[in-house]
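Before I ask anything, here is the structure I am working with.
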There are 2 protein chains.
Amino acid sequence: MNHISKKKPEKDRLPTLLMEKGVRPTRQRLVLASYLFNGCHKHVTAEQVMAAVKKRKQTGVSLATVYNSLHTFTEAGLLREIPVGQTCSFFDTNTSGHHHFFDEVSGQLCDIPADALRVSGVLTPPAGRKIGSMDVTVRLVKASSRS
Amino acid sequence: MNHISKKKPEKDRLPTLLMEKGVRPTRQRLVLASYLFNGCHKHVTAEQVMAAVKKRKQTGVSLATVYNSLHTFTEAGLLREIPVGQTCSFFDTNTSGHHHFFDEVSGQLCDIPADALRVSGVLTPPAGRKIGSMDVTVRLVKASSRS
DNA sequence: GTGTTTGCAAAGTGTTTGCAATTTA
DNA sequence: TAAATTGCAAACACTTTGCAAACAC
């Protein structure tokens with residue numbers, strides 16, 4: 001059989017993805033990457049990642065490593081951290097510019113379609129600073145409650 | 001002397017302010033209100049409020065009461081809570097719609113002039129939900145560091 | 001008086017860290 | 001083999017809570 005394929009076999013996709021970003025593809029990081037970067041964008045917290053890993057019976061990844069890896073991936077540009085208040089950190093596998101609804105009832109984050117919201121203006125950061133990121137988070141509450 | 005004045009004496013301003021919002025003007029809440037609602041808008045954390053109260057030698061307000069009161073004031077519409085990540089909660093004495101720079105270097109929050117940033121679009125919240133609030137937070141980093 | 005608020009200290013939550021053992025290049 | 005990474009448990013920072021005493025109306 002022709003096992004020298006010109007295309008990367010699927011099994012090499014994730015190690016390659018990490019290496020391209022300068023992230024050493026350790027076993028634990030590959031377990032996390034296989035959940036995070038499976039083609040379906042998601043918003044996750046560290047706890048959710050931990051739970052997902054456990055559900056797939058892929059053991060041997062500690063919570064500390066989940067936190068470390070989420071930050072490593074974020075620094076490498078593979079994830080985007082979404083600030084949602086002091087409850088917990090969300091990480092978004094879609095790193096391109098878009099904004100979010102944060103549903104305070106369910107604790108879930110979901111995308112606002114890019115064309116539904118436009119932010120415009122000319123921002124001048126204070127001296128010695130530059131804009132690191134801009135996030136628009138629209139908080140959702142129960143429809144019955146008063147504003 | 002005509003001590004029945006038609007205008008509220010200054011000393012009654014804060015008790016009245018709280019009572020109008022249905023917040024019982026206890027001694028501790030008045031101490032906090034005298035710092036928060038002195039006419040100069042500010043962004044504060046619970047620790048900062050605690051420190052300010054101590055500096056004015058107005059003792060007898062515990063940290064737990066600061067937290068309780070900040071939330072009470074927020075529910076009453078006297079403050080606005082600004083979500084800035086999981087570091088700590090900021091409260092803004094300016095409750096009208098405006099947005100913020102969050103300086104990650106100094107940990108300070110500062111206003112973005114209302115006319116410097118325009119958010120437009122037609123947002124349709126998911127079923128059973130309505131928009132509670134919208135926040136734009138622009139994170140500032142050191143000018144030298146890469147994006 | 002009666003229900004609300006306070007203060008303390010203890011518990012809680014989400015996250016980070018120190019360091020020896022392990023793994024990767 | 002040298003440097004990076006992991007896992008555990010302890011440490012952490014910020015916040016909330018339980019409950020008796022104090023207070024506001």
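All values reported here derive from a predicted model rather than from experimental measurement. Sequence lines set the chain letters: A, B, ... in the order given, protein chains first and strands last, and positions in each chain run from 1.
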**Study point:** Sugar-phosphate only, base, or nothing, as touched by T87(A) at under 4.0 Å among non-hydrogen atoms
**Key:**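 The answer is sugar-phosphate, as T87(A) gets under 4.0 Å only of primed atoms, P, OP1 or OP2.
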Check your understanding: Does any donor atom in the side chain of T72(A) or S69(A) lie under 3.5 Å from an acceptor atom in the other side chain?
Key ->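 Side chains of T72(A) and S69(A): no pair found under 3.5 Å.
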Point to revise | Separation of dA4(D) P from E75(A) CD (nearest whole Å) | key: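 To the nearest whole Å, that distance equals 14 Å.
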Exercise for review: Please state how far atom CZ in R27(A) lies from atom P in dT24(C), giving the value in whole angstrom units.
Suggested key: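 R27(A) atom CZ is separated from dT24(C) atom P by 8 Å.
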Review point. Do D92(A) and D111(A) have side-chain heavy atoms sitting under 4.5 Å apart?
Key: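 In short, these two side chains touch, coming nearer than 4.5 Å.
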**Study point:** Length of the CE-C1' vector between M19(A) and dA25(C), whole Å
**Key:**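 About 10 Å, once rounded to whole Å.
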Check your understanding: Once you round it to whole Å, what is the distance between P of dT23(C) and CZ of R24(A)?
Key ->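 R24(A) atom CZ is separated from dT23(C) atom P by 13 Å.
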Review point. So, is H71(B) close to the dT16(D) phosphate, meaning a side-chain N or O under 4.0 Å from OP1 or OP2?
Key: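 So the side chain of H71(B) is within the cut-off, an N or O lying under 4.0 Å from OP1 or OP2 of dT16(D).
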Check your understanding: Same hydrophobic cluster for F102(B) and V138(B), using side-chain heavy-atom links shorter than 4.5 Å among ILVMFWY?
Key ->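 Cluster IDs for F102(B) and V138(B) differ.
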**Study point:** Reference residue F91(B); test ring-ring contact (aromatic ring centres under 6.0 Å, His included); the match among H71(B), H41(B), H43(B)
**Key:**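 Only one option passes, and that is H71(B).
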Check your understanding: How many Å lie between CG on N68(A) and P on dT24(C), as a whole number?
Key ->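 Value for this atom pair: 16 Å.
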Exercise for review: Measure the distance from CG on L63(A) to P on dA9(D) and round it to the nearest whole Å.
Suggested key: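 Taking CG of L63(A) and P of dA9(D), I get 12 Å after rounding.
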Check your understanding: Do any side-chain nitrogens or oxygens of Q28(A) fall under 4.0 Å of OP1 or OP2 in dG7(D)?
Key ->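 Yes, because at least one side-chain N or O of Q28(A) sits under 4.0 Å from OP1 or OP2 of dG7(D).
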Point to revise | dT6(D) OP1/OP2 closer than 4.0 Å to side-chain N/O of T65(A) | key: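 No, outside the criterion.
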Review point. Distance only, no hydrogens: is a donor on one side chain within 3.5 Å (strictly under) of an acceptor on the other, for T137(A) and D135(A)?
Key: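 Absent: no donor and acceptor within the cut-off.
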Review point. List DNA chain D stems (3 or more consecutive Watson-Crick/G-U pairs, under 3.5 Å)?
Key: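 Stem list for DNA chain D: C:1-25 with D:1-25.
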Review point. Can you find a side chain N or O atom of T26(B) that sits less than 4.0 Å from OP1 or OP2 on dT4(C)?
Key: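 Checking T26(B) against dT4(C): no side-chain N or O falls below 4.0 Å of OP1 or OP2.
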Review point. Between R129(A) and D103(B), is any pair of side-chain heavy atoms under 4.5 Å apart?
Key: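 Counting from C-beta outward, R129(A) and D103(B) do come under 4.5 Å.
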Practice item. Select from P25(B) and S89(B) the residue whose nearest nucleotide in DNA chain D is closer to the 5' end of that strand. Key: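 Closer to the 5' end of DNA chain D: S89(B).
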**Study point:** Toward the 5' end of DNA chain C, by each residue's nearest nucleotide, A64(B) or V23(B)
**Key:**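 The residue mapped nearer the 5' terminus is V23(B).
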Point to revise | Length of the NZ-P vector between K54(B) and dG7(C), whole Å | key: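 Going from K54(B) (NZ) to dG7(C) (P), I get 12 Å.
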**Study point:** Candidates dT15(D), dC8(C), dT15(C) - which lies nearest the side chain of S62(B)
**Key:**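 The closest nucleotide is dC8(C).
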Point to revise | Phosphate-side-chain proximity, Y67(B) and dT15(D), N/O vs OP1/OP2 below 4.0 Å | key: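 Yes, Y67(B) has a side-chain N/O under 4.0 Å of OP1/OP2 on dT15(D).
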**Study point:** Donor-acceptor contact below 3.5 Å, side chain S34(B) vs main chain V31(B)
**Key:**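 Such a contact is found between S34(B) side chain and V31(B) backbone.
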Check your understanding: Any side-chain N or O of R29(A) under 4.0 Å from OP1/OP2 of dT5(D)?
Key ->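 Yes, R29(A) has a side-chain N/O under 4.0 Å of OP1/OP2 on dT5(D).
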Practice item. Using whole Å, report how far CZ of F90(A) lies from P of dG14(C). Key: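 After rounding, the reported distance stands at 11 Å.
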Practice item. Using a 4.5 Å cut-off on heavy atoms from C-beta on, say whether the side chain of S89(B) contacts that of T45(B). Key: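 No - every pair of side-chain heavy atoms lies 4.5 Å or more apart.
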